[in-house]
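Written below as structure tokens is the structure these notes are about.
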Amino acid sequence: MTAGERGFERISWAEMLTPRRHELGLTQRQLGEAAGLSQQAVSYIERGASVPRVTTMVRIARALGTTIEALFPTEATPRGDGGPGGGVG
């Protein structure tokens with residue numbers, strides 16, 4: 001049984017990356033320059049078309065002023081409104 005079949009959505013590291021970049025007002029090119037990557041590489045990673053090596057993840061996280069752990073979701077996100085009695089337990 002997959003996480004989706006249990007009522008949870010899988011959130012990828014790439015999905016956490018883009019909002020953080022936007023919070024900082026960075027373009028893909030600016031993030032790439034700060035992390036030693038091309039704009040195209042950042043685009044591939046953000047779209048989930050490429051999975052970066054851990055060392056690259058560290059460079060990206062540092063460029064975003066955070067840690068890999070902060071960008072990795074630690075738990076699956078329950079589907080629904082997330083309110084009390086949301087079926088998680």
Side-chain angles (χ1 to χ4, degrees):
M1 181 180 290
T2 68
E5 291 170 337
R6 290 189 305 258
F8 290 86
E9 294 180 25
R10 183 176 163 267
I11 299 174
S12 73
W13 187 76
E15 290 173 299
M16 301 297 284
L17 177 63
T18 305
R20 177 67 181 154
R21 179 175 62 80
H22 287 166
E23 284 175 21
L24 296 174
L26 296 174
T27 65
Q28 289 179 342
R29 181 177 305 270
Q30 290 169 322
L31 175 56
E33 288 173 0
L37 302 168
S38 68
Q39 178 274 325
Q40 186 176 21
V42 173
S43 175
Y44 286 160
I45 293 166
E46 286 187 352
R47 289 184 287 128
S50 175
V51 178
R53 294 178 180 186
V54 173
T55 55
T56 301
M57 290 180 189
V58 169
R59 292 192 337 247
I60 291 170
R62 285 183 181 155
L64 293 172
T66 190
T67 63
I68 290 178
E69 294 84 5
L71 292 172
F72 268 109
T74 56
E75 298 178 14
T77 302
R79 289 186 183 164
D81 65 5
V88 179

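Hydrogens, waters and symmetry mates are skipped; everything else that's a heavy atom, side chains included, is used. Quantities reported herein were computed from a predicted structural model and do not represent experimental measurements.
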**Study point:** Joint cluster assignment, Val42 & Ile68, ILVMFWY side-chain distance < 4.5 Å
**Key:** yes
Practice item. Could you tell me which residues satisfy side chain to side chain donor-acceptor pair (under 3.5 Å) with Thr56, sequence neighbours excluded, listed by chain and number? Key: none
Revision key, fill the gap. Taken in chain and number order and not counting sequence neighbours, the residues that satisfy side chain to side chain donor-acceptor pair (under 3.5 Å) with Ser50 are none
Practice item. Compare every heavy atom of Arg20 with every heavy atom of Leu71, then report the nearest pair and how far apart it is. Key: CD2-CB, 4.1 Å
**Study point:** Straight-line distance of Gln28 CD to Ser38 OG, nearest 0.5 Å
**Key:** 9.5 Å
**Study point:** Pairwise distance OG1(Thr18) to CZ(Arg47) - rounded to 0.5 angstrom
**Key:** 10.5 Å
Study note, to complete from the structure: All heavy atoms of Leu31 vs all of Ala63, minimum pair found to be CD1-CB, 3.7 Å
Exercise for review: Taking all non-hydrogen atoms of both residues into account, name the closest pair between Arg29 and Gln39 and its distance.
Suggested key: N-CG, 3.8 Å
**Study point:** Derivation of the side chain to side chain contact (heavy atoms under 4.5 Å, CB included) call for Leu26 and Leu64
**Key:** CA-CA 9 Å; Leu26 296 174; Leu64 293 172; 4.1 Å; yes
Check your understanding: What are the two closest non-hydrogen atoms of Leu17 and Ile60, and how far apart are they?
Key -> CD1-CG2, 3.3 Å
